[in-house]
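Just below is one structure, and these are the notes that go with it.
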Amino acid sequence: MRIRTRAAALLASAAVALAGPTAVPAAAHEPADEPAGGRAAPVDLDALFVGAHPDDEASTLSTLGQWNEEHGVRTGVITVTRGEGGGNAVGPEEGPALGLLREAEEREAVGKAGVTEVFNLDDVDFYYTVSAPLTDQVWGGDTLEKVVRVVRQTRPEILLTMDPAPTPGNHGNHQEAARLAVAAFYAAADPKAFPEQINGEGLKPFAPARVLTGGARGTSQTGPDCASTFRPNNPAQNVFGVWSGRASASRGTTWAAVEREAQRTYASQGWASFPDVPADPARLGCDFFTQVDARVPFPEPGTPAAAAPTAILDGSLTRPAGTTPLGTLLTLETGAFDVRPGTPFEVEVSVTAPPREPLGRSSVALRLPEGWRVEQGSRDLGRLAAGRTRSATFTVTPPEGAAGRARIAAALTTERGRGHTDRQVEVSPAVRAAQQPLPQVAQYAEWTADVGVPQLRGLVTPVLTLPSGGSREIGVVVTNVSDTAQSGAVRLELPAGFTADRAEAPYRDLAPGAETTVPFTVTNSDPSLKTSNEGGDYAYTITVTSGDGSSTSRPALELVPAATVPEAAAAPAVDGREGEGEYAGPALDVSRLWEGSACSSAADCSGTAKAAWHDDTLFLVVHVRDDVLGTRLDASDCKRHWRTDSVEVAVDPRGVSENTSTTFKAAVLPVTAEGPPCHLRDADNRQGPGEETAPGMRVASTVSEGSYVVEMAIPMEVLPGAVDPDRFGLNILVYDSDTQDKTGQTRIGWSTWGGVQGDPYRWGAAALTGYRPPADRPETPPEPVIPDTALSSLDSPQSLEQAVRVDLPPAGGPAAGPARTGEAVSATAAEDGEGAEGAEGAVQVRVRAAAPGRAHLFVRDAHGTAGSRVVTVSRRGTTTVEVPLTRAVGDRATVVAGWQARDGGGTDASQVPVR
């Protein structure tokens, strides 16, 4: 039996010990204060999902719908951007107009799961990138502040988000959104974080109960046992699953089918044609969520309760029979995350009774892995009165030989019920060694340390690339985690087909807490090994010895294809044909699949490419077999090339770019609606029409039955920086569409990995034999041009209507104070006058302002917006504004108004009926 109770009424103003690096008192969940002026209290959420774009929440809607229907859970969604950088398969809209369209899709989609609140933060969706550092740079320093403000305003017990790790192919915007959610879990509870929200805006610190990331690393079966059969790669992780095959009582179908119906709402992203989910529930799996941290008791892993569909809600929103009352706080802290075999460390368990309910006689006991020791493993906490906190400290010692991640758990026993909590530690000898990380992986590790979530460290297998048949230096980073100086050796055990300049190298007198890098030169001695995703990861072993033993790690090497680009005797004629002798180099296979559906045959999609250089120009010719051409876009719509057939060339001039903002990426559409090909630059140092962004670049194509040829000449002076002919990064990617709905189905290419278009380190390696750039050409790339136009919530009537409904300012920003606010106070249909486009009528709106500002006015009815106007109000008082109509309005029309106080002094929203 489960008892459902609103945690908002129970998690009250007791101090909360943060489950982070620093203990900070913070208010737990209590009913929001009744606002002045008779307005409704702001919305109070149970759960909040944090994503980067509309549709990021789509894979969780089965779960959110179940929670809403069966337990009344009210969920909101933070969407950092409106996805203006995505494609559009349904119309010509782009930029803010596309953002408005995608916001409408999202609101309709999440509504199918009972979600009514979508908080857009108005950050820019610039282009596809796999770089969280670039995303952070573009979004700016106020995004975390906005997320924290929404958390403090809406007070959700549960935070859900995406994968924060730089997993290969993981969108950098997704990574950053997840990091914002995790950071907000701690910051929202900390009165020292964004104190102006507390001192100036009247918000209170708020501590969510649990934070989880979407997805999980491990394996599971489908069917109703998907949660209980999940086996995590890291057995110390807490992973919870919610089966999507459960039937919805109100909809008469599985929740997976409801989720699929919601996903099809995202027609602009080509999702309208998603196939049906399996009708057999036994073929449907779980939505999985990985817990990052918790401040409340939660189901013990491996028990039936942990596999229940309410496992994520239990302890914060639902109370299983026999467990502690809602409002109970239970945390476990370890003296360190990195612990050593045979070396004791401290564990502290803290318990806080609900503010209005005692727990009575209470005790805690540690539960440790087999062989671990604890002095006095159970402690009596005495009688816990309402709102009181008691703690117990234990000394724990891992056994000799222990290694890897381990779970330290605590069991709480009280007169009112039981509870469980746990935390991970990592056991290693005095010294550990790891392959040097990629820049984005190193930055992620720094983030986990800064936020205090070491349990999220190491989610990505360390990989480095090297050219097929080539060599590179690989550094092994040796870290001393002990309190004494250490000496020893590092040894590599490479797989067949790889050699190193030495098998073992020493390190000496490494100080406590210090690290050093031991270099090795590794060579791919067997160039016949498969490259790209066909070869995958070539794992190897690093062993490091120290004074108290040895430890190992398992990184991997990845081979990228390599080619020599010869000098052409004469400049090839750019005519869409490969003339005899124009390209003397080898044909490059561009038929490898990297995303989408596999080609049904070579005739469906396959290709080869050749490259050459002459004078200061790079030439490429690409032969593509394609039996069905995709949509012929208008030449004026030569953008977002993945919507139809296209060829993309990606160039990293010096072969060291962390992300594509310092690269050149150009795409060619072999045909347009008008006939000739067109070209563009996308997601690189400077985007836009090729004629503007790549002056001097020439393209040509020939199209015949079942195939086409694209040829291009790229002046190397338009590349972002002088070419290093020995480290030239190159990739050639083919996008294949067999439909006429502006959607692509298959992506093939030369150097192929998921998300490779955004990952320069995984592009192929090319050597431009004999080429030398002009001596005066700078090596440093120019500052990138990043799109910076996003839809403002003040220009979104959907967002303004929500702001009125939930009584919160739009876009996660501060509210305009009483002395700076403005609002629509009445609206009247004009008796005569002509609106825009010949539609009769206008609406007169009276706007009352406490100070100068800007009013964004929208006339709305059941069919949408019938007229809009933005006006500047230069003085305080009441102003009458006429809003022309583009069409006649229906019954129950309203005017919704957004207000921006002058000089960024906060926003407000209001709504009045049209009379």
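If you read the sequence from its start, that first residue is 1, and numbering goes on from there. These numbers come from a predicted model, not from an experiment. Side chains are part of it too, since the values below use all heavy atoms of this structure and drop only hydrogens, waters and symmetry mates.
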Next on the checklist: Return the CG to OG distance between D684 and S661, rounded to the nearest 0.5 Å.
Outcome noted: 9.0 Å
Checklist entry - Are the side chain of S910 and the backbone of A824 linked by a donor-acceptor contact shorter than 3.5 Å? => result yes
Checklist entry - Hey, does L160 have a side-chain heavy atom less than 4.5 Å from the side chain of F289? => result yes
Item to check | Single hit among D122, D125, D56 for salt bridge (charged side-chain N to carboxylate O under 4.0 Å, His left out) with R82 | outcome: D122
Checklist outcome for this item: Nearest heavy-atom approach of A132 to E176 is O-OE1, 3.7 Å
Next on the checklist: Using a strict threshold of under 4.0 Å (side-chain N to carboxylate O), is an ion pair present between E84 and R102?
Outcome noted: no
Checklist entry - Any idea which heavy atoms bring L800 and A897 closest together, and the distance? => result CD1-C, 4.0 Å
Next on the checklist: Other residues, nucleotides and ligands only: do more than 12 of their heavy atoms fall within 6.0 Å of CZ on R876?
Outcome noted: no
Checklist entry - Which class fits the ring pair H53 and H171: parallel under 30°, tilted 30 to 60°, perpendicular over 60°? => result tilted
Checklist entry - Does R74 reach the side chain of N68, with side-chain heavy atoms less than 4.5 Å apart? => result no
Checklist entry - Mind checking whether V847 and T878 have side chains closer than 4.5 Å, heavy atoms only? => result no
Item to check | Exercise: identify the closest heavy-atom pair between T894 and Q911 | outcome: OG1-NE2, 3.0 Å
Checklist entry - Taking 4.0 angstrom as the limit, do D123 and K146 come out as a salt bridge? => result yes
Checklist entry - Does S62 reach the side chain of V242, with side-chain heavy atoms less than 4.5 Å apart? => result no
Checklist entry - Are any of the side-chain heavy atoms of V43 and D807 separated by less than 4.5 Å? => result no
Next on the checklist: With no hydrogens and no angle check, just 3.5 Å: does a side-chain donor-acceptor pair link T865 and R860?
Outcome noted: yes
Next on the checklist: Can you give me the closest heavy-atom contact between F240 and A311, atom names plus distance?
Outcome noted: CD2-CB, 3.6 Å
Item to check | Distance-only polar pair, side chains of Y186 and D293, donor-acceptor under 3.5 Å | outcome: yes
Item to check | Any L134 side-chain heavy atom under 4.5 Å of F126 side chain | outcome: yes
Next on the checklist: Is a donor from one side chain sitting under 3.5 angstrom from an acceptor on the other, for T129 and N659?
Outcome noted: no
Checklist entry - Does the N88 side chain pair with the main chain of G91, one donor and one acceptor, at a distance under 3.5 Å? => result yes
Checklist entry - Does a side-chain N-to-carboxylate-O contact under 4.0 Å join E201 and R152? => result no
Checklist entry - Which distance, rounded to the nearest 0.5 Å, do you find between the CG of D44 and the OG1 of T154? => result 8.0 Å
Item to check | Side-chain donor-acceptor pair present, T135, Q175, cut-off under 3.5 Å | outcome: no
Checklist entry - If you count the non-hydrogen atoms of other residues, nucleotides and ligands that lie under 6.0 Å from CZ in R854, is the total more than 12? => result yes
Checklist outcome for this item: In short, T81 meets P54 closest at the heavy-atom pair O-CD, 3.4 Å
Checklist entry - If we only count heavy atoms from C-beta on, is the Q687 to Y127 side-chain gap below 4.5 Å? => result yes
Next on the checklist: Checking side-chain polar atoms at under 3.5 Å, does Q802 have a donor or acceptor matched by the opposite partner on R107?
Outcome noted: yes
Checklist entry - Is there side-chain contact between E157 and R210, with heavy atoms separated by less than 4.5 Å? => result no
Checklist entry - Near R846 CZ, under 6.0 Å, is it more than 12 heavy atoms from other residues, nucleotides or ligands? => result no
